> 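I have a structure here, written as structure tokens, and I will follow up with some questions on it.
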Amino acid sequence: MKPVLLLAALASFGVTAYAFDPASSWSEHCAKCHGKDGRGETKTGKKLGIKDYTDAKLQAEFTDKEAVEAIKEGVADNKGKIHMKPIAGLSDEEIKGLVTYFRSLKK
Ligand code: HEC
């Protein structure tokens, strides 16, 4: 292979390897609680009493900034009981993508 072709092949591989796919990140990090569709109808979701986040009214109750904070810092009630643990290992870009994805679950 000519060096220039090799470089092109490496570059395109790099792009695929780093492309962030919010749907699969959602499945990996969020769906076990929130459900694939965001309704929270999973075993863990039911145990934690997670609400149906496809509800537009519920989605209107928090800003994108608060959603980012929820993912980064977790959600606790005013007694300090943890509802949602911070999700580790996500970059700011990924978190932004997940918030957009979370919003897209709204019906
Ligand atoms: C361990 C279970 C669990 C996982 C995993 C989880 N969540 Fe949550 N999430 C919750 C619970 C419980 C609430 C409701 C908190 C409350 O209002 O009491 C919540 C609430 C939220 C909210 C609303 C925050 C607010 O301010 O009301 C957002 C946004 C959110 N989750 C996004 C995500 C995203 C994105 C992921 C994946 C990166 C994720 N969650 C993973 C349990 C989880």
Side-chain angles (χ1 to χ4, degrees):
M1 203 188 273
K2 284 185 183 154
V4 64
L5 282 180
L6 183 65
L7 269 180
L10 280 176
S12 64
F13 175 75
V15 167
T16 0
Y18 288 111
F20 170 64
D21 174 6
S24 68
S25 182
W26 173 265
S27 301
E28 187 181 337
H29 299 288
C30 324
K32 67 170 183 281
C33 292
H34 287 285
K36 263 202 163 343
D37 57 3
R39 290 184 193 278
E41 287 170 344
T42 62
K43 214 169 127 196
T44 316
K46 283 184 185 145
K47 208 170 82 190
L48 295 172
I50 297 186
K51 296 168 216 148
D52 178 358
Y53 282 102
T54 64
D55 181 350
K57 261 201 349 242
L58 189 56
Q59 286 247 5
E61 283 177 8
F62 54 88
T63 62
D64 285 359
K65 194 168 156 270
E66 284 166 337
V68 168
E69 279 163 15
I71 298 166
K72 272 193 182 167
E73 287 152 33
V75 185
D77 61 25
N78 51 18
K79 293 189 201 91
K81 187 176 179 301
I82 292 168
H83 292 211
M84 173 175 150
K85 280 192 276 188
I87 311 296
L90 295 171
S91 71
D92 284 353
E93 276 312 299
E94 287 172 321
I95 292 174
K96 250 174 49 201
L98 279 165
V99 170
T100 307
Y101 187 78
F102 193 83
R103 294 298 193 193
S104 77
L105 298 170
K106 185 172 79 180
K107 290 287 172 290

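Values below: every heavy atom of this structure, side chains too, minus hydrogens, waters and symmetry copies. Remember, it's a predicted structure, so these values are computed and weren't measured experimentally. Remember, it's 1-based here, ligands and their atoms both numbered in the order they're listed.
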> So, 4.0 Å and heavy atoms of Tyr53: is ligand 1 close enough to count as a contact?
yes
> Is Ile82 reachable from Leu48 through a run of I, L, V, M, F, W or Y residues, each pair having side-chain heavy atoms under 4.5 Å apart?
no
> What protein heavy atom sits nearest atom 1 (C) of ligand 1, and how far off is it?
Cys33 SG, 2.8 Å
> Provide, to 0.1 Å, the distance between atom 10 (C) of ligand 1 and the closest protein heavy atom, together with that atom's residue and name.
Met84 CB, 3.3 Å
> Counting each atom of ligand 1 from 1 as listed, which ones have a heavy atom of Ile71 under 4.0 Å away?
34 (C), 35 (C)
> Return the closest protein heavy atom for atom 38 (C) of ligand 1 as residue, atom name and distance.
Cys30 SG, 2.7 Å
> Could you report the tightest heavy-atom contact between Ala31 and Lys36, atom names first, then the distance?
CB-N, 3.9 Å
> Of all the non-hydrogen atoms in the protein, which one sits nearest to atom 18 (O) of ligand 1, and at what distance?
His83 ND1, 2.5 Å
> For atom 32 (C) of ligand 1, which protein heavy atom lies nearest, and how many Å away is it?
Phe102 CE1, 3.7 Å
> Do Phe62 and Ile87 belong together in a cluster built from hydrophobic side chains that touch within less than 4.5 Å?
yes
> Identify, for atom 27 (O) of ligand 1, the protein heavy atom at the shortest distance, and state residue, atom and that distance.
Phe62 CD2, 3.6 Å
> What is the name of the N/O/S atom of His34 that is nearest to atom 8 (Fe) of ligand 1?
NE2
> Distance to 0.1 Å, residue and atom name: give those for the protein heavy atom nearest to atom 15 (C) of ligand 1.
Val75 CG1, 3.6 Å
> Select one of side chain, backbone, both or neither to describe which atoms of Tyr101 lie under 4.0 Å from any atom of ligand 1, heavy atoms only.
neither
> Verify side chain to side chain contact (heavy atoms under 4.5 Å, CB included) between Arg39 and Ile50, making sure each step is shown before the conclusion.
CA-CA 8 Å; Arg39 290 184 193 278; Ile50 297 186; over 6 Å; no
> What pair of heavy atoms forms the shortest contact from Cys33 to Thr44, and how long is it?
SG-CG2, 3.7 Å
> Which protein non-hydrogen atom lies closest to atom 17 (O) of ligand 1, naming both residue and atom, and how far is it?
Lys51 NZ, 3.9 Å
> For the side chain of Ser104 and the backbone of Tyr101, is there at least one donor-acceptor N/O pair under 3.5 Å apart?
yes
> Which ligand 1 atoms, with their elements, are less than 4.0 angstrom from a heavy-atom of Ala70?
24 (C)
> Under 4.0 Å from any heavy atom of Leu98, which atoms of ligand 1 are there?
38 (C)
> For ligand 1, is there an atom lying under 4.0 Å from some heavy atom of Ile50?
yes
> Taking 4.0 angstrom as the limit and counting only heavy atoms of Ala67, give me the atoms of ligand 1 inside it, by number and element.
29 (C)
> Take Thr63 and Glu66 through the test side chain to side chain contact (heavy atoms under 4.5 Å, CB included) and record every step on the way to the result.
CA-CA 5 Å; Thr63 62; Glu66 284 166 337; 3.4 Å; yes
> Where is the tightest heavy-atom contact between Glu94 and Gly89, given as atom of each residue plus distance?
OE1-O, 3.8 Å
> Relative to each other, are the rings of Trp26 and His34 parallel, tilted or perpendicular (30° and 60° limits)?
tilted
> Short question: side chain of Thr42, backbone of Lys32 - any donor-acceptor pair under 3.5 Å?
yes
